[in-house]
Each structure stands twice: as structure tokens, then as C-alpha cells.
Amino acid sequence: MRLRTLDTAGDLAGKRALVRVDFNVPMQDGRVSDDTRLRAALPTLRALSVRGAKVILLAHFDRPKGKVVPSMSLKPVVGPLSDLLEQAVAFAPDCIGPAAQDLIAAAEPGGVILLENLRFHAGEEADDPAFAAALAELGDLYVDDAFSAAHRAHASTTGLAKLLPAYAGLAMELELDALDKALGAPVRPVLGVVGGSKVSTKLDLLKNLVTKLDYLAIGGGMANTFLFAQGHPVGASYCEKDLKATAEEIMQLAAAHGCQLLLPLDVVVSERLEPNAPHFIRALDDVDEAERILDAGPQTIAKLNAVVDEVKTLIWNGPLGVFEVPPFDAATVAVARHAAARAKAGALIAVAGGGDTVSAMHHAGVSADLTFVSTAGGAFLEWMEGKPLPGVEALQG
Ligand code: 3PG
Ligand code: MG
């Protein structure tokens, strides 16, 4: 199904464009500490502004659960956003009603106005038609540039798309295009790397991926559950032993679909999870009772790098080890750098995303060299699980 894109929106001069962005940015002491999501929205905001639209930004911050929580105001975003845009950004203390209406009426074409946290109203998350209608009154068209909120069926995503002419913004388009290249219609062979601690949170994801990929590498704590299911000792490692049958089921599903599972061939263990704690490389059957598996070992790295050399597409979610605590970042960093070099050379389409993955890729220093790094958390996972994203569906047809 085709996405309705902004180039089909016609003459925008003087029109009021309601733009859903994801400004749910990391903040520390009331200041924006990572502006990646603000930067992602700039192309759409500039494009609308240049076309003479009044640009009205709709966003949520954190989870105030329908109440006004002053510490969850979007006001701290105004300064950094106007610096990045090199343009003043007005701020409306409420996202509906007279305060917003008056500011919008007074704005010049090309002006940018940020409205206060949508989630201060319970109607947002409830996708309440009356709240959506109150938002719709503020605009002539709706633009959704917030892929990372597209797994939510809220008033500002699905609700508004029903009430106004609705278009995907440029960041949304870019994101969907990258995701399609990685999993929708990938150039084969395609390798998935999935890490992180829990199999339990990534069951649907693993089950979907083994039906679509040629190779699936499993790392991080969740690999321990698979090693345990195969009868290897895991010592004092994090391991969901109650999911043995599930791990077996996933291994069978992979075999049935011709997906080669790549589990660790060797591991790095330590008795303590501390920076530079004494650590050892172990063969799979040599893990002692007191030892914890904290990273994949050098043979595993070599194998994964060899597969990276063979495939044309890579999709990556989750670290291979405890990358926050060196030296247990070694496998994640080594494979990420190898993949990034291949991507930079044009030999590999490499897409990474979801929660920890972005920080792991930043840590490895490879974010700029990968084909695409998604800033989406939950939305990226649900998309990898093969679930329809209501915010995206609302823009199709
Ligand atoms: C995110 O940060 O993942 C998105 O902004 C969605 O936030 P939510 O999980 O609170 O809906
Ligand atoms: Mg979230």
C-alpha cells in the first residue's frame, strides 16, 4: 500500500499544518540531553515552512497519564529546537483551546509553534474522538513524522488522520523506506542480529524473523537461554530456564524455514559484572558454576564477521554482550565496526534500531556509517515482529 507523501499535498501557503513529531527526548535536569529526535524532524519542518505553511507541532513527552504534570512539559524543547531551526519557535501552554488557537491565528506563514504535551489530556491516549476533533480544529492538514510513536493508536496519530487530509513527513518516509529495504523486501542473503537480555520480551520478534531471514545471530543474555536449551552449562549467567521449550520451538521453526541460527561458539565469562573485572574466554562446555557469560568470544566474532561479508543486508536489534560495561562490549563493537565498514563501502545495507541498539551503535562509533539507525524503540520492535503499525496504516491508501 502506498504512503501519502507531502509532495502530493498541493499549495500550502497560509495553510495550517498539524505535524506529529516525536519529541520524547532524553532530558536531564530539565534540559534536552540528546537532540537526535529534534534533528530528525528538521527536514519536514523546514520543507513546510518554506512552502509557507504555519507549522504546528504536536508531541508527547513521557507518560503523564492524562494529567498536567509540570515536570513533563515540552517547554524545555523550545530553546534547542529554535537553535536547530535558526528560527523562533512559539509555545502554547495547552495543545487545544483558545491559547493554541490565538497563537496559531497570530503566526506568520512559515512560523513554527510547539503545543504543550498531548498526554496532559486523557483523550490523547484514549483516541477520544472529541479530543481529536479539538486538535483537528487547529489545522487544515495533518502530517505524521513520528514513526517512533506509530505503534500507538492515539488521537494525534490515528484519530487525526481520519479527520484531516493526512500525509507522511519526510522522516517517516525515510524510516519506512529503510525498514522496507531491511526486512520488507531485502536484497538477499539477509542476516539479523538480535541481542539483549530477555527471550521473553522478544519472542514474537524471533518467531517472525526466522521465517524471513537467511541467518539469525542471537547474542546477549538471550543467547544463554538457547545454549541452556542445547544442554550447555551456563553457570551463574542470566538465563530464562523456564523458556527452554520456547527456545527449542524457535530452533525448530528456524530449521523449517531454512534460517540458519548463529549462536555463540565461545563466550567471555566473569564472576563479576564490573568494568575490567577478571574475565576469561571459555569454550561452550567449560563455563564454571560461579561464572557469568557476559559477551560472545573471539571465534563467535570471527564467524559473525564472515557472515557479514557474505550477506547483502543486515538488520540489527540489541547488543551481543553487556556493552555498557567494558570489556564486555568487545563483540558488539567488533561486529558493528565490521558491518559499518562494509556499509560505508556500499557492500551492505545495514539497518539498526530499537532501544539500547542506538546507544550501542553510538558507543561503537558507527552510527554515521550504517545505512540507517532508527531512533524508534517500541515501534521498531513491533515492526520487526511483523505487526501492523496503526500510525503508518493511517497514512496509506
Ligand atoms: C518512544 O519514546 O518510544 C515513543 O515516544 C513512544 O513513547 P511511549 O512508549 O511512551 O508511547
Ligand atoms: Mg517507549
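Remember, it's 1-based here, ligands and their atoms both numbered in the order they're listed.
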(message) Please list, in number order, the atoms of ligand 1 under 4.0 Å from a heavy atom of Arg152.
(response) 8 (P), 9 (O), 11 (O)

(request) Determine whether the side chain, the backbone, both or neither of His154 has a heavy atom under 4.0 Å from any heavy atom of ligand 1. (result) neither

(message) Check contact between Ala149 and ligand 1, using heavy atoms of the residue and a distance below 4.0 angstrom.
(response) no

(message) Has Trp316 got a side-chain atom pairing as donor or acceptor with Gly318's backbone, closer than 3.5 angstrom?
(response) yes

(message) Could you tell me if Glu173 and Thr5 have a donor-acceptor pair between their side chains, going purely by distance under 3.5 Å?
(response) no

(request) Report yes if some N/O of Arg63 lies less than 3.5 Å from some N/O of ligand 1; otherwise report no. (result) yes

(request) Pull out every atom of ligand 1 sitting under 4.0 Å from any heavy atom of Arg119, numbered as shown with elements. (result) 8 (P), 10 (O), 11 (O)

(message) Using only atom types and a distance under 3.5 Å, with no angle test, would you say the side chain of Arg4 pairs donor to acceptor with the backbone of Ala166?
(response) yes

(message) At less than 4.0 angstrom from any non-hydrogen atom of Asn24, what atoms of ligand 1 do you find?
(response) 1 (C), 2 (O), 4 (C), 5 (O), 7 (O)

(message) Treating Arg37 as the side-chain partner and Ala146 as the backbone partner, does any N or O pair qualify as donor plus acceptor under 3.5 Å?
(response) no

(message) What's the separation between atom CG in Asp266 and atom CG in Leu284, rounded to the nearest 0.5 Å?
(response) 7.0 Å

(request) Give a yes/no verdict on whether any heavy atom in Glu125 is under 4.0 Å from an atom of ligand 1. (result) no

(message) If you measure every N or O of Arg37 against every N or O of ligand 1, does any of those distances drop under 3.5 Å?
(response) yes

(request) Please tell me if the side chains of Val21 and Thr44 come closer than 4.5 Å, counting only heavy atoms from C-beta onward. (result) no

(request) Show which atoms of ligand 1 fall inside a sub-4.0 Å distance from at least one heavy-atom site of Ser148. (result) 4 (C), 6 (C)

(message) Do His257 and Thr211 pair up side chain to side chain, a donor and an acceptor below 3.5 Å, judged on atom types alone?
(response) no

